[in-house]
Structure formats: structure tokens, C-alpha cells
Amino acid sequence: MANVLIYANQQGGNLSSNAREALAFGSSLARSANGETAAVLIGPGAGTAAKEAIAFGAEKAYTIDSPLLAQYQVELYLDAISEAFEKSQSTILVLPFDRKGKDLIGRLATRSSASALTEVIDFKVEEGTVHYVRPIYGDKAYGEYTINRKKAVIGIRPKSHEPASRDENRTGDIIPLKIDLSEEVIVSTLAEKIESALSGVRLEDARIIVSGGRGLGGPEGFDELEALANVLGGAVGASRAACDAGWVPTSFQVGQTGAVVAPDLYIAVGISGASQHLSGITNAKTVVAINHDSEAPIFKRANLGVVADYMSVIPALTKALKKRMGVNTG
């Protein structure tokens, strides 16, 4: 038997899509291991989010509310989640391997003397032992892993599972946890929050993404991509090379070390298609590649490829779409 605790993070007062994926994975894992599913909700609004977590599959929901948790601080969240992990008597902690997850998983595993495994996309239970599946070699193969320690912290790759279905008739226990949190553990603070001036659609949730890479030649190319993304109602993304060059914020990076996305349409402009980038778009339904290099690896992944300079394609495509959609181009 293995009890599973899921860290269900919130976004805009509701559970994030990544949290709903983690709840689906964690609930299925607990059932297969004959265990119990619990969730932990942190910060203001935890009580409301706890009801939502139960509707999405948790049997219990632990809430930790404190003014100190209003903004994400890794040290405080580490203390809160670790305490919930211990008090829930769970042996498996599941959380999305998103930006916060990448920040937390190693620390949580160390704090709890647990094994850590990231980028997990599936599992199976054989003779009472859980085998976790994750991609290896840049998504060219899959490996199966078992945990040797008593506890495990599992990071779920975003967009690799269907989010849990909501059932308002589900019932469960909501358990407030009182934890003594102290500002003294904080070693870094948020000095300023800067909202990006690019597309307002959240990258991880976008159904359409227009991404640019080194082939754009400079930051001005992203103005063209933003114009196209706005017409399509999508988001702007980027390769690591474009982010490292300072052309766009790092929050727009797509790939193994950035955001893992699964849009209906992914338009890769001036992106060569390194394995690290391709691992971030594994579940994209349709990929369109625009690159002047006909030998670029991105074309092997693309459903549609255009060998051309992006400036001969993107502005014309944007203009044509505006005309077709009745948008004023004057």
C-alpha cells in the first residue's frame, strides 16, 4: 500500500492545469497501489482550492494558510510541503515538474530523505512495486525506474496527462494544518515583479504558440512573431539560444530546461530543432517549421515545413490572416 500526497498549486484562485494533471496521475497511482489520495493546498484561498482538489479526485485535502505564503518563497513552501508530507503519512509526494517544481523537488527529497525522480510521464505496478516511466536521451527512448528508499518525490512532466475530471458530488475531508513558519528562513526575496510586454496568453496553456530562435537574427524579429501570435490568439515562445541572447525573457523558453508545451499548433520560426527543444514540444499536435536551412533537424518533427527566410513568410501570413479575419491592417 502506498499513500500519495499531491501538491496542487493554484493559479488565479483556482487549481492550475498542471495541478489537475498531477491529481489525475496521483489518484491513479494511489488506486493502483491500494493507497489513499491526499492533496496539499498552500496560501490564501487554500480552503476554496481544497474543495476543488476533492472534486478533482483527492480523498483528503490539507490546507496551509499564512500571510507569509501569499507570494512564492522557496524556503517557506519547502517547510510547508515537507510538513504536510510528514503529517499525511504518505510515502509518495507528487507535484508538477513546472518552474516551481524544478525549484522544489530536490530540496523536498533531501528534506524527507526520499528519492527524487523527474519528468515522469507514466507508471505501472508489478507485484506491489511501482515502476515509473520517463523519457531519456532527449525523448528518443523511455526508461523504467523503481525507488529504493521508503519515500519518493515524483515530478510529473507537464502536458503528459489528461487533467482530472471534475465531480462536484465527491466528498472528502479538509484538514487545516498549523505550521510555525518564520521569515528568518528566507534567504532571497522578490524585489520586483515585471510583467512581460509580449503576448498575454500563458505559454503553458496556449493552444497556439509562435516560437522564435537564433535564426531570427535579433530581438526585432519577435515583434513580427508577436503580431502573428496576437492575430491567432496565441502565445510567443522561444528557443534557449534566443533567451540566452537576451532577445526575450527566459519565461518564454520552450524545451527541456524551459516550458513543456502541448499546443494544437506550434509554429517554429528560425529554430534549428535541437533535441532539448524538441523534448519540450513532444505532445504538440501540429508543428509548422519555417527555416532557411533545409537540413535543420526541426523539419523531421514538423508536419509542415517551409524553407525560406522568415521575413518573406511571417509578415505576409499575418497580413493575410488579418484580412481573412476582417482585422483593420491600416
Run the side chain to side chain contact (heavy atoms under 4.5 Å, CB included) check on Ile209 and Ile281 step by step: do they pass?
CA-CA 10 Å; Ile209 297 174; Ile281 61 171; over 6 Å; no

Might you point out which heavy atoms bring [X] and [Y] nearest each other, and give the distance in Å?
X	Y	answer
Leu23	Ala58	CD2-CB, 4.3 Å
Ala84	Ile64	CB-CD1, 4.3 Å
Asn3	Ser90	O-CB, 3.5 Å
Gln10	Pro44	OE1-O, 3.6 Å
Tyr62	Lys87	OH-O, 4.3 Å
Pro135	Ile121	CD-CG2, 4.0 Å

Check whether any side-chain heavy atom of [X] sits under 4.5 Å from a side-chain heavy atom of [Y], and report yes or no.
X	Y	result
Asp65	Leu69	no
Arg214	Ser272	no
Tyr77	Tyr7	yes
Met311	Pro315	yes
Arg240	Gln256	no
Cys243	Val248	yes
Ile147	Val130	no

Using the rule that two of Ile, Leu, Val, Met, Phe, Trp, Tyr join whenever any of their side-chain heavy atoms come within less than 4.5 Å, decide whether [X] and [Y] are in one cluster.
X	Y	result
Leu265	Val260	no
Phe97	Phe25	no
Leu95	Val74	yes
Ile54	Leu15	no
Leu117	Val125	yes

Lys151 to Phe85, cation-pi by 6.0 Å centre distance and 45° axis angle
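That pair qualifies as a cation-pi contact.
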
Under a plain distance cut-off of 3.5 Å, with no hydrogens placed, do Asn9 and Ser16 share a side-chain donor-acceptor pair?
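Their side chains do contain a donor-acceptor pair, which is all the 3.5 Å distance test asks for.
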
Could you grab the distance from atom [atom1] of [X] to atom [atom2] of [Y], nearest 0.5 Å is fine?
X	Y	atom1	atom2	value
Ile42	Leu68	CD1	CG	12.5 Å
Tyr72	Asp103	OH	CG	3.5 Å
Ser66	Leu177	OG	CG	12.5 Å
Thr118	Ile105	OG1	CD1	6.5 Å
Lys322	Lys319	NZ	NZ	10.0 Å
Tyr132	Ile92	OH	CD1	3.5 Å

Does [X], at its [atom1] atom, have more than 12 non-hydrogen atoms belonging to other residues, nucleotides or ligands within less than 6.0 Å?
X	atom1	value
Glu220	CD	yes
Glu162	CD	no
Lys51	NZ	no
Arg134	CZ	yes

Indicate yes or no for a side-chain donor-acceptor contact from [X] to the backbone of [Y] under 3.5 Å, with no hydrogens or angles considered.
X	Y	answer
Lys159	Glu204	yes
Asp173	Glu59	no
Arg99	Ser251	yes
Lys60	Leu5	no
Arg31	Thr37	no
Ser28	Ala24	no

What class does the angle between the rings of His277 and Tyr266 fall in, given that below 30° is parallel, 30 to 60° is tilted and above 60° is perpendicular?
tilted

Kindly indicate, with the supporting measurements, whether the criterion salt bridge (charged side-chain N to carboxylate O under 4.0 Å, His left out) is fulfilled by Glu52 and Arg166.
CA-CA 8 Å; Glu52 197 177 1; Arg166 186 169 190 148; 3.6 Å; yes

Please determine whether side chain to side chain contact (heavy atoms under 4.5 Å, CB included) holds for the pair Tyr310 and Val313, giving the CA-CA distance in whole Å, both sets of side-chain angles, and the decisive distance to 0.1 Å.
CA-CA 5 Å; Tyr310 82 95; Val313 178; 5.7 Å; no

Starting from the C-alpha separation in whole Å, work towards a yes-or-no answer on side chain to side chain contact (heavy atoms under 4.5 Å, CB included) for Tyr145 and Ile136.
CA-CA 11 Å; Tyr145 298 80; Ile136 55 177; 3.4 Å; yes

Looking at Asp264 and Lys285, is any side-chain nitrogen of the basic one under 4.0 Å from a carboxylate oxygen of the acidic one?
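Between Asp264 and Lys285 there is a salt bridge, with a charged N closer than 4.0 Å to a carboxylate O.
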
Using 4.0 Å as the upper bound for N to carboxylate O, is an ion pair formed by Arg157 and Glu21?
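Salt bridge between Glu21 and Arg157, a charged N being under 4.0 Å from a carboxylate O: no.
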
Val261: which of Thr282, Val254, Asp205 passes side-chain contact (heavy atoms from CB on, under 4.5 Å)
Val254

Could you check Leu108 against Leu78 for side chain to side chain contact (heavy atoms under 4.5 Å, CB included), going step by step and ending with a plain yes or no?
CA-CA 6 Å; Leu108 287 166; Leu78 172 62; 3.6 Å; yes

